[in-house]
Amino acid sequence: MATITDIAEKAGVSISTVSRVLNHDKNLSVTEETKRRIFETAEELNYTKYKQKKKKKTDQKTKQKNVAIIQWRIGEQELDDIYYMSIRIGAERKAQELGYSLMKFSDLDNSLSKVDGVLCIGKFDKITIDTILSKNDNVVFIGTNFPLNNFDTVNSDFSQAAELALHHLLELGHKKISFIGAEESNNLYGYRTYRTPVTNAYLDIMKQISYYDDKYFFVETNTYLSVETGAELTKKALAKWGKDLPTAILAGNDAMAIGIMNVLTANNIKIPEDISVIGINDLAFSQYTNPPLSTIRIFTEEMGEIGMETLNQRITSPRIDRRIILTTELIDRDSTAKPRE
């Protein structure tokens, strides 16, 4: 893996700045441009697949095609949860490899009808999805869960991710496992009280094995899965728990895990000696936290790659609409251990 020194050298900043940015230090004052450069550098250095892959030759016809990328998170929002940045980087690299020219759109105007295809990254609501589909027939969504026709989707198996995380904690001997998560309810499809696969998998598994305790369940609805949300929910949780702390916390994603760990540390709660913490995503910054974060790897760059490959196939050889689900993987680091005595 790339070191913090590697990132600092390529980004042109100090090692201390890299460390503080990757750990979401609120007391650090740096520009959005510097933050973006550090996060993008970390993602690129830790994703070596393209360093060993030779670019495929493309014919002149392919080189002349244009595709649009529409992002759900842009600007400062993208820096709050670099999950989508990581997907975008994978998509951009694959588009370059395939010989496509990329156009980024922020407005859903009639210009979308003039490109060969559209790649949408993020959780878009049904109204936005319908608007995009009305302007172009070749559309692929990465990260949306609406089961509608006339477009392809790429997602990761977040139910499996939650199951892997919980089984890891259970195998270590944990029973008092808290869940601290969030969901953007208005942009999700479903008929259950909660609509994210991670939340529902936690509820299903913990209730099935009779370990569920309502006081350890904290989910904020219709909000971002961010460092700030993780921190605020952890403060509420600690006030509610008093001395009856859980032995482990499953975070909704890595960004929330950072917020959780920062609040626990500020309250002199040791990780993992007092409470183990595990996240979901395994973004580049996760290996640089203190302690390094155990997490479930979501293959974000591959999601971007496959999304662009799928869009290319939709443009060149239309077929039935596809729903593509990618697997996940446990990454065991130092933030999880056996429960305290």
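Here the structure is a predicted model, which means the values were calculated and not measured.
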J.: Tell me every residue that passes ring-ring contact (aromatic ring centres under 6.0 Å, His included) with Y212, counting only those two or more places apart in sequence or in another chain.
T.: none
J.: With rounding to the nearest 0.5 Å, note down the distance linking CD1 in I325 to CD1 in I306.
T.: 11.0 Å
J.: Apply side-chain hydrogen bond (donor to acceptor under 3.5 Å, both in side chains) to E220 and list each qualifying residue two or more places apart in sequence or on a separate chain.
T.: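 Checked E220 against side-chain hydrogen bond (donor to acceptor under 3.5 Å, both in side chains); zero matches.
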J.: Is it the case that atom NZ in K175 sees more than 12 heavy atoms from other parts of the structure closer than 6.0 Å?
T.: no
J.: Quick check for you: to the nearest 0.5 Å, what is the distance between E40 atom CD and M85 atom CE?
T.: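 Here the rounded value is 4.5 Å.
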J.: From H174 NE2 over to L169 CG, what is the distance, rounded to the nearest 0.5 angstrom?
T.: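 Taking NE2 in H174 and CG in L169, the distance rounds to 5.5 Å.
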J.: What's the separation between atom CD1 in I177 and atom CE in M206, rounded to the nearest 0.5 Å?
T.: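 Answer for the CD1-CE pair, I177 versus M206, is 4.5 Å.
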J.: Going by side-chain contact (heavy atoms from CB on, under 4.5 Å), name the residues that satisfy it together with E163, two or more places apart in sequence or in a different chain.
T.: H167, I205
J.: Would you kindly say whether T310 and D152 are connected by a side-chain donor-acceptor distance under 3.5 Å?
T.: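 Result is no, nothing qualifies.
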J.: Distance-only, no hydrogens or angles: does the D6 side chain make a donor-acceptor pair with backbone N or O of T3 under 3.5 Å?
T.: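 Checking the backbone N and O of T3 against the side chain of D6, a donor-acceptor pair under 3.5 Å is found.
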J.: My understanding is that only residues two or more places apart in sequence, or in another chain, count here; which of them pass side-chain hydrogen bond (donor to acceptor under 3.5 Å, both in side chains) with T128?
T.: D125
J.: Only distances under 3.5 Å count here; give the side-chain donor-acceptor pairs of residues 257-270 to other protein atoms, sequence neighbours excluded, each with its distance to 0.1 Å.
T.:
| unit_1 | atom_1 | unit_2 | atom_2 | d |
| --- | --- | --- | --- | --- |
| N262 | ND2 | I258 | O | 3.4 |
| T265 | OG1 | M261 | O | 2.8 |
| N267 | ND2 | V263 | O | 2.8 |

J.: Taking only residues two or more places apart in sequence or in another chain, which ones pass ring-ring contact (aromatic ring centres under 6.0 Å, His included) with F151?
T.: F141
J.: Taking only residues two or more places apart in sequence, or in another chain, which ones meet D213 in a side-chain contact (heavy atoms from CB on, under 4.5 Å)?
T.: K215, Y216
J.: Residues two or more places apart in sequence or in another chain: which of them pass side-chain contact (heavy atoms from CB on, under 4.5 Å) with T34?
T.: V13, V30, T31, R37, I38
J.: Any side-chain donor paired with an acceptor under 3.5 Å for S294 and H168?
T.: no
J.: Tell me whether F146 shares a hydrophobic cluster with I70, the cluster being built from Ile, Leu, Val, Met, Phe, Trp, Tyr side chains joined at under 4.5 Å.
T.: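 Yes, because F146 and I70 connect within a single hydrophobic cluster, where side-chain heavy atoms sit under 4.5 Å apart.
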J.: Should I129 and L108 be counted in the same cluster of Ile, Leu, Val, Met, Phe, Trp and Tyr side chains packed under 4.5 Å apart?
T.: yes
J.: Under the side-chain contact (heavy atoms from CB on, under 4.5 Å) test, which residues partner S14, sequence neighbours left out?
T.: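 With neighbours one apart ignored, the set is S16, T17.
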J.: By side-chain hydrogen bond (donor to acceptor under 3.5 Å, both in side chains), which residues pair with T153, not counting sequence neighbours?
T.: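 side-chain hydrogen bond (donor to acceptor under 3.5 Å, both in side chains) list for T153, sorted by chain: empty.
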J.: In chain order, what residues pass the ring-ring contact (aromatic ring centres under 6.0 Å, His included) check against F179, with sequence neighbours excluded?
T.: Y202
J.: Under the side-chain hydrogen bond (donor to acceptor under 3.5 Å, both in side chains) test, which residues partner D321, sequence neighbours left out?
T.: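 Testing D321 for side-chain hydrogen bond (donor to acceptor under 3.5 Å, both in side chains), a comparison that skips the adjacent residues, returns R314.
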J.: Is the closest side-chain donor-acceptor distance between T221 and E183 under 3.5 Å?
T.: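 Side chains of T221 and E183: no pair found under 3.5 Å.
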J.: Can a donor-acceptor pair be found between the side chains of Y83 and D254 at a distance below 3.5 Å?
T.: no
